[in-house]
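Worksheet: the structure to be examined is printed underneath.
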Amino acid sequence: MGRIEESFVRHCLKPAVTCNLPGRLRMTFRSYKLLPKEALPYLHYIRDVLTMLPGVTDVQINPRIGTVLVLYSPEATAPRQILRWVDIVVDTGLELAGEIDWEHAAKEETDVERMIRSRLILRLPQAKEG
């Protein structure tokens with residue numbers, strides 16, 4: 001993936017906070033519909049990767065309007081940490097995008113999922129530093 005493509009994907013996956021109440025963070029991804037079609041089958045992992053962050057209790061996704069509601073324990077995490085985790089997830093996804101043969105990824109989706117989860121688990125402590 002080239003620098004321009006990577007910058008474009010980052011732009012599409014940059015959240016804007018539309019509601020920030022204790023225990024509830026609503027993010028809007030205004031440009032998500034501009035993502036390359038190759039990325040769309042993998043958007044269902046949003047809930048999985050966000051709930052990996054300690055303190056996140058539930059994630060509700062509305063793909064029609066591009067919003068994600070994150071329910072969390074304010075004692076365990078904070079909006080800044082959640083937004084940092086989103087950045088880490090995007091960074092990790094972009095790193096893997098250059099390593100995976102996407103033509104065959106559909107056949108090996110469980111392997112791709114396992115790879116992503118193992119890399120994200122290693123990066124969990126970084127989310128708390130942010």
Side-chain angles (χ1 to χ4, degrees):
M1 180 177 292
R3 291 181 106 175
I4 293 173
E5 292 169 316
E6 185 176 312
S7 294
F8 181 72
V9 170
R10 285 184 193 282
H11 169 75
C12 292
L13 296 176
K14 188 69 176 169
V17 175
T18 55
C19 182
N20 183 4
L21 299 171
R24 296 173 60 90
L25 178 69
R26 185 177 303 277
M27 301 176 284
T28 300
F29 294 83
R30 293 187 182 108
S31 302
Y32 84 98
K33 287 187 178 182
L34 300 175
L35 283 170
K37 65 179 177 167
E38 294 83 11
L40 298 178
Y42 300 96
L43 293 180
H44 67 279
Y45 291 116
I46 293 169
R47 178 176 290 116
D48 294 340
V49 297
L50 288 176
T51 55
M52 288 176 72
L53 185 65
V56 172
T57 57
D58 192 23
V59 175
Q60 299 171 11
I61 303 164
N62 186 333
R64 188 174 51 81
I65 60 174
T67 63
V68 175
L69 174 64
V70 180
L71 303 176
Y72 66 93
S73 169
E75 295 81 26
T77 193
R80 189 177 89 218
Q81 293 168 324
I82 295 168
L83 291 169
R84 176 68 183 129
W85 181 242
V86 170
D87 289 341
I88 288 169
V89 168
V90 170
D91 290 345
T92 303
L94 289 171
E95 288 169 9
L96 285 170
E99 299 173 20
I100 296 172
D101 178 1
W102 292 102
E103 288 183 23
H104 300 100
K107 297 175 188 170
E108 304 164 2
E109 188 170 342
T110 56
D111 293 338
V112 172
E113 180 182 358
R114 198 177 356 238
M115 235 180 4
I116 291 169
R117 287 185 72 68
S118 65
R119 289 217 188 160
L120 287 174
I121 287 169
L122 294 174
R123 296 189 77 181
L124 270 170
Q126 293 180 18
K128 294 180 183 177
E129 295 171 6

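Because the structure is a prediction, the values reported are computed rather than measured. Starting from 1, each residue takes its place in the sequence as its number.
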For this session: Find out whether Phe8 and Leu34 are in side-chain contact, i.e. whether some heavy atom of one side chain is under 4.5 Å from a heavy atom of the other.
Result: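 Yes. Closest side-chain heavy atoms under 4.5 Å.
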Linking I/L/V/M/F/W/Y whenever any side-chain heavy atoms sit under 4.5 Å apart, do [X] and [Y] land together?
{"X": "Leu69", "Y": "Val56", "result": "no"}
{"X": "Leu71", "Y": "Val59", "result": "no"}
{"X": "Ile65", "Y": "Leu13", "result": "no"}

Report the distance from atom [atom1] of [X] to atom [atom2] of [Y], rounding to the nearest 0.5 Å.
{"X": "Met115", "Y": "Leu96", "atom1": "CE", "atom2": "CG", "value": "5.0 Å"}
{"X": "Glu5", "Y": "Leu94", "atom1": "CD", "atom2": "CG", "value": "10.5 Å"}
{"X": "Ser7", "Y": "Arg3", "atom1": "OG", "atom2": "CZ", "value": "7.5 Å"}

Heavy-atom closest contact ([X] atom, [Y] atom, distance):
{"X": "Ala76", "Y": "Gly55", "answer": "CB-CA, 3.6 Å"}
{"X": "Arg47", "Y": "Ile61", "answer": "N-CD1, 3.8 Å"}
{"X": "Tyr72", "Y": "Ala78", "answer": "CE1-CA, 4.3 Å"}
{"X": "Leu120", "Y": "Thr92", "answer": "CD2-OG1, 3.6 Å"}
{"X": "Leu124", "Y": "Leu53", "answer": "CD2-CA, 3.9 Å"}

List, one per line, each side-chain donor-acceptor pair under 3.5 Å for residues 16-26, sequence neighbours excluded.
{"from": "Thr18", "atom 1": "OG1", "to": "Arg26", "atom 2": "O", "distance (Å)": "3.3"}

Exercise. Is the backbone N or O of Thr51 less than 3.5 Å from a side-chain atom of Trp85, with the two atoms forming a donor-acceptor pair by type?
Worked result: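 Between the backbone of Thr51 and the side chain of Trp85 there is no qualifying donor-acceptor contact (under 3.5 Å).
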For this session: Quick one: do Met52 and Val89 satisfy side chain to side chain contact (heavy atoms under 4.5 Å, CB included)? Show the steps, please.
Result: CA-CA 10 Å; Met52 288 176 72; Val89 168; over 6 Å; no
Exercise. Are more than 12 heavy atoms from other residues, nucleotides or ligands located less than 6.0 Å from atom CD1 of Ile4?
Worked result: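 No - once you tally the heavy atoms of other residues, nucleotides and ligands closer than 6.0 Å, there are 12 at most.
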For this session: Determine the sole option in Asp87, Val86, Val9, Leu83 for which the side-chain contact (heavy atoms from CB on, under 4.5 Å) test with Lys14 is passed.
Result: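 For Lys14, the side-chain contact (heavy atoms from CB on, under 4.5 Å) test succeeds with only one of Asp87, Val86, Val9, Leu83, which is Asp87.
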